[in-house]
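Protein chains get the first letters and strands the later ones, always in sequence-line order, with residue 1 at the start of each.
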Amino acid sequence: MTTADDGKLDPAVVAALYVDHGEQLRRFLLGLLRDEQLVNDVLQATFTKAVQVGHTSQEKSRKAWLFRVAYNEAMAIRRRDAVGDRVVRKLAWTKTTSAHPADEPVLRFETVEMVREAMRDLPPEQLQIVKMRIYEEKTFAEIAEELQIPLGTALARMRSATGKMRKKLQRHHDET
Amino acid sequence: MNREQTEKLDWDAFRYITDEMTSVEVEAFEKQLSTDQASREAVADAVELVQAMASSSEHDKVSVATRERSHSRVSRLAWMTLGAVACLALMSVAQGWLNHGSDGGNQPQLPSVASGELAQLWSEARDDSPEDEWRSEWLAEEEESFPVGSYDESEDGSSAPSWMLAAVSSQPSELDAIELDVPSSGVERIE
């Protein structure tokens, strides 16, 4: 049973949606908004909508529906708060903070370990680019200039490195 | 979506979240996000990857800091031990010099220090050390760091280290000679 007596989605269904997709949705919103507090606000608004009008969506496309609602909410907040004008160039937002309520999922330890393991397997020239971009927060243009390599080479090395790490993560997700 | 398209989408998502896109590219990508679920999930995956890389660096920094702190602790312990050994050695030499210089044994004498006693003092000093708490912590950290089997039990720190015993026993004849000179009224030799 997916609907309650009033025709809306059963709260248990909404809770299950949160368990299944909440973490991925949170990361998607973080990519859009770069702000944990705003992400929490949008996440809450999204699931409130799921309770109110989620029953109008098709069950098989409910995940995409959730993401679309979240996207629209996020863009509305960006327009309202002019978040887009405050361009976040630093990667500080990627670091997990205490803004997470205790009952919400954070970046999994296994994921970090998996990525660290993948980084160990990278060729030195690719690892160097990763460190300079992620740890030292240099732009690819700065990295290329510092290493005296073409910008395209720096980008290609990073792309190859992220591709390898992504595959490793994907394999891990598939196994678990 | 074929493999090439997936890889391009992953790369675009990475560039989007790391602000490596031009404003035109950002506009186009965000338009794509409004309709394409695969693109949204690619953004979520890119965030996960970058967060994991960033967290990995934080963890490494903590590990390095812990390691440096541990090494400085070991250094302190080593210097403290070396100082204690130097004091004991000086006492032995001074005692020997006093014994040689005395003519009737009327002068007060310091107890002689033999290798067995030195080993005991070493063990006691280690057991009574006020640094015990952090030393235990350090040992726990070290045990975690080293794989089982790489640990040499002959150097477990429960007895005097071999270099110290070697240093003490390097001049046995001189020590024996000093002890032979001790008059009967002198301090008892501790063995």
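Separating the OG atom in B/S56 from the CD atom in A/E113 is a distance of 8.0 Å, to the nearest 0.5 Å. Atoms CZ and CG, from A/F28 and B/L33 in turn, are 5.0 Å apart once rounded to the nearest 0.5 Å. From A/Q170, atom CD reaches atom OG1 of B/T6 across 10.0 Å, with rounding to the nearest 0.5 Å. Atom CZ of residue B/R15 and atom OG1 of residue A/T162 lie 11.5 Å apart, to the nearest 0.5 angstrom. Expressed to the nearest 0.5 Å, how far CD of B/Q51 lies from CD1 of A/I134 amounts to 11.5 Å. Within the model, atoms CE of A/M165 and CZ of B/F14 stand 7.5 Å from one another, a figure rounded to the nearest 0.5 Å.
Contacts between A/Y71 and chain B at a heavy-atom distance below 4.5 Å involve the side chain alone, from C-beta outward. In this structure, chain A has a heavy atom under 4.5 Å from the side chain of B/D10, while its backbone stays farther away. When heavy atoms are compared at a cutoff of 4.5 Å, A/K131 does not approach chain B at all. Looking at B/A46, only its backbone comes within 4.5 Å of chain A, counting heavy atoms on both sides. Heavy atoms of A/L155 lying under 4.5 Å from chain B belong to its backbone as well as its side chain. Residue A/M75 touches chain B through its side chain alone, counting heavy-atom pairs closer than 4.5 Å.
Closest heavy-atom contact between A/V115 and B/M53: CG1-CG, 3.6 Å. Closest heavy-atom contact between B/V43 and A/G31: CG1-CA, 4.1 Å. For A/V112 against B/S55, the heavy-atom pair with the smallest separation is CG2-CB, 3.9 Å.
Under the 4.0 Å criterion applied to side-chain N and carboxylate O atoms, B/E41 and A/R27 are not assigned as salt-bridge partners. The pair B/E7-A/R159 fails the salt-bridge criterion, with no side-chain N (NZ, NE, NH1 or NH2) lying under 4.0 Å from an Asp/Glu carboxylate O.
For CD of A/E110, the number of neighbouring non-hydrogen atoms (other residues, nucleotides, ligands) closer than 6.0 Å is greater than 12. With a 6.0 Å radius and a threshold of 12 heavy atoms from other residues, nucleotides or ligands, A/E142 has its CD atom above the threshold. Shown here is B/Q5, whose CD atom has more than 12 heavy atoms of other residues, nucleotides or ligands within 6.0 Å. Around atom CD of B/E25, more than 12 heavy atoms belonging to other residues, nucleotides or ligands sit under 6.0 Å away. For A/K49, the NZ atom sits in a loose shell: 12 or fewer heavy atoms of surrounding residues, nucleotides or ligands are nearer than 6.0 Å.
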Legend entry - Step-by-step salt bridge (charged side-chain N to carboxylate O under 4.0 Å, His left out) determination, A/R78 to B/E30: CA-CA 12 Å; A/R78 273 177 50 168; B/E30 287 184 346; 2.9 Å; yes
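Looking at heavy atoms from C-beta onward, A/R133 lies in side-chain contact with B/E20 at the 4.5 angstrom threshold. At a threshold of 4.5 Å between non-hydrogen side-chain atoms, the residues A/L32 and B/Y16 count as touching. B/E48 places none of its side-chain heavy atoms less than 4.5 Å from the side chain of A/E23.
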